[in-house]
**Q** 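Below is a structure I'd like to ask you about.
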Number of protein chains: 2
Amino acid sequence: MAETGTRTPRERYRDQVRAEVKEHAREQIATAGASALSLNAIAKRMGMSGPALYRYFASRDDLITELIRDAYRSLADTFRAAAESGADLPGLAHALRGWALDDPQRYFLVYGTPVPGYHAPADITGIASEIMAVLLDASTELPADGSTTPFEVDLGAHRHWAGDHPAPPAALRRALTCWTRLHGVLSLELAGHFTGMGFDPAVLFDSEVADLTAP
Amino acid sequence: MAETGTRTPRERYRDQVRAEVKEHAREQIATAGASALSLNAIAKRMGMSGPALYRYFASRDDLITELIRDAYRSLADTFRAAAESGADLPGLAHALRGWALDDPQRYFLVYGTPVPGYHAPADITGIASEIMAVLLDASTELPADGSTTPFEVDLGAHRHWAGDHPAPPAALRRALTCWTRLHGVLSLELAGHFTGMGFDPAVLFDSEVADLTAP
DNA sequence: CGTGTTCGTTATAAGTTGTAACTCACGCGA
DNA sequence: TCGCGTGAGTTACAACTTATAACGAACACG
């Protein structure tokens with residue numbers, strides 16, 4: 001086996017600098033958005049000159065892509081942790097909302113406005129299906145009524161997107177609508193479209209969760 | 001009364017140039033995203049030098065804000081037109097989807113990732129409530145079941161966000177969930193999160209619309 | 001037919017990303 | 001322990017960007 005624990009001092013230093021750069025990047029994104037991320041500004045804050053960062057990240061887009069990957073990874077980990085501690089579908093929903101409110105810009109890194117030409121690397125789509133798998137597991141545990149819509153049949157026929165998850169068609173549809181509905185509320189809440197409306201977004205969120213578990 | 005029809009030749013020319021600038025900006029946004037919008041590139045395509053555009057738009061953010069305003073206006077107009085031609089809630093939903101698919105980046109201009117510090121001008125929020133009013137009208141026409149949840153009561157108590165629209169609490173909630181659910185599906189579809197999944201996003205959308213009108 | 005407003009131009013400042021070339025120091029192998 | 005090579009950080013530079021300032025020219029209006 002390769003001794004994964006023993007890294008050369010240079011690798012350790014490199015990892016540390018990369019982590020620090022990403023830390024500053026996250027901070028900058030949280031306060032001014034991803035489009036305002038500046039490698040130069042990060043370098044100055046770290047006390048070194050601009051081009052030095054190109055030793056650690058090939059380009060600005062490369063850094064952003066890495067931050068997107070970290071965001072996906074973070075969501076998958078919180079989802080997996082919630083599932084392993086016995087959370088059901090409402091539990092996962094609240095884990096999702098907590099994760100989103102914890103850092104809205106991180107949420108938008110995953111589910112926000114995409115750049116038209118951009119295609120995510122393959123490993124990121126892998127993490128995405130990992131997230132969906134947790135959602136599918138939780139959806140399978142819920143009781144389903146007997147009726148099966150044509151859409152659910154179509155879903156069952158093309159289940160390769162779920163990693164061929166062995167869930168009944170109704171569970172596939174439930175996971176999908178769970179995804180879209182929760183994202184609908186969360187996205188609008190985080191974007192501030194509910195501000196000044198007087199009602200509590202958490203109640204609207206819970207209302208959707210309730211509708212989801214007992215249709 | 002002021003003769004609104006007679007504009008000086010300079011005003012007419014100014015409006016024409018502004019419209020042409022926005023046309024190029026929309027095209028640029030559609031192909032590379034709003035963050036890649038460049039005043040310089042627009043100026044070059046129009047055959048004039050960079051700083052000339054500052055006679056027409058105070059800043060890059062000013063131009064983007066105007067495009068956002070236009071996008072809101074466009075959505076409000078299609079909504080209003082659909083409602084005036086007798087569209088019910090499913091009709092409005094499909095009008096929304098058509099409008100979104102017609103220009104995805106325009107949709108994201110309205111409902112996409114917000115810049116943390118940005119606050120929309122007051123007139124834009126006015127158009128937003130105009131959109132919501134159409135949705136509320138259509139929601140009111142649908143029959144409601146007797147039960148009223150505490151959330152709906154809360155919604156009815158703070159209905160000033162709807163311009164004090166005289167809709168029953170159940171209609172308020174239905175309009176709200178209609179908004180969030182349709183946005184949930186559309187946003188994920190336009191962002192490409194369904195690509196490669198094999199199913200037709202239109203069917204998922206219709207499935208949500210059906211759930212919305214007959215719970 | 002002046003006259004002044006407005007348009008478009010160049011010059012400039014202060015940013016940005018990214019490449020190239022050069023030092024210098026650190027760590028690894030001999 | 002001692003060289004030597006790899007990699008880190010530096011400056012210099014090119015090509016961009018937004019935005020302001022100052023200037024000239026054209027145009028509409030009285």
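Chain naming here is simple, since letters A, B, ... match the order of the sequence lines and numbering starts at 1 in each.
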**Q** How close or far is atom P of D:dG9 from atom CG of A:L53, stated in whole angstroms?
**A**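 Roughly 9 Å, once rounded to whole Å.
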**Q** Please identify the 5'-most and 3'-most nucleotides of DNA chain C with any atom under 4.0 angstrom from a heavy atom of chain A.
**A**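 Contacts span C:dT16 to C:dC28, reading 5' to 3'.
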**Q** Can we say B:E27 and B:R45 salt-bridge, meaning some charged N sits less than 4.0 Å from an Asp/Glu carboxylate O?
**A**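 Yes.
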**Q** With no hydrogens and no angle check, is any side-chain donor or acceptor of B:S207 less than 3.5 Å from a backbone partner on B:V203?
**A**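 Checked: no pair found.
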**Q** Using heavy atoms and a sub-4.0 Å distance, could you list which residues of residues 60-68 of chain A are near DNA chain D? By number, please.
**A**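 Residues of residues 60-68 of chain A that come under 4.0 Å of DNA chain D do not exist, since none gets that close.
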**Q** Closest approach of B:L92 and B:A82, non-hydrogen atoms and distance?
**A**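 B:L92 and B:A82 have their closest heavy atoms at CD2-CB, 3.9 Å.
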**Q** In residues 24-49 of chain B, which residues come under 4.0 Å of DNA chain C by heavy atom?
**A**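 The answer is B:G47, B:M48, B:S49.
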**Q** Below 4.5 Å, heavy atoms only, C-beta onward: do A:L89 and A:V209 meet side chain to side chain?
**A**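 Side chain of A:L89 against side chain of A:V209, heavy atoms only: no contact under 4.5 Å found.
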**Q** Please check: side-chain N/O of B:S187 versus main-chain N/O of B:G184, any donor-acceptor pairing under 3.5 Å?
**A**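 Looks like no, no N/O pair under 3.5 Å.
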**Q** Do any N or O atoms of the protein come closer than 3.5 Å to N or O atoms of nucleotides 21-29 of chain D, and which pairs are they?
**A**
residue : atom : partner : partner atom : Å
D:dC27  : O2   : B:R10   : NH2          : 3.3

**Q** If you compare every side-chain N and O of A:Y13 against the phosphate oxygens of D:dG9 (OP1, OP2), does one of them come in below 4.0 Å?
**A**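 For A:Y13, the contact criterion (side-chain N or O under 4.0 Å from OP1 or OP2 of D:dG9) is met.
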**Q** Which dot-bracket string fits DNA chain C when only Watson-Crick or G-U wobble pairs with both atom distances under 3.5 Å count, crossing pairs get [ ], and | stands for a partner on a different strand?
**A** ||||||||||||||||||||||||||||||
**Q** Please list, chain by chain and in numerical order, all residues satisfying salt bridge (charged side-chain N to carboxylate O under 4.0 Å, His left out) with A:D15, sequence neighbours excluded.
**A**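 A:D15 satisfies salt bridge (charged side-chain N to carboxylate O under 4.0 Å, His left out) with A:R7 once adjacent residues are dropped.
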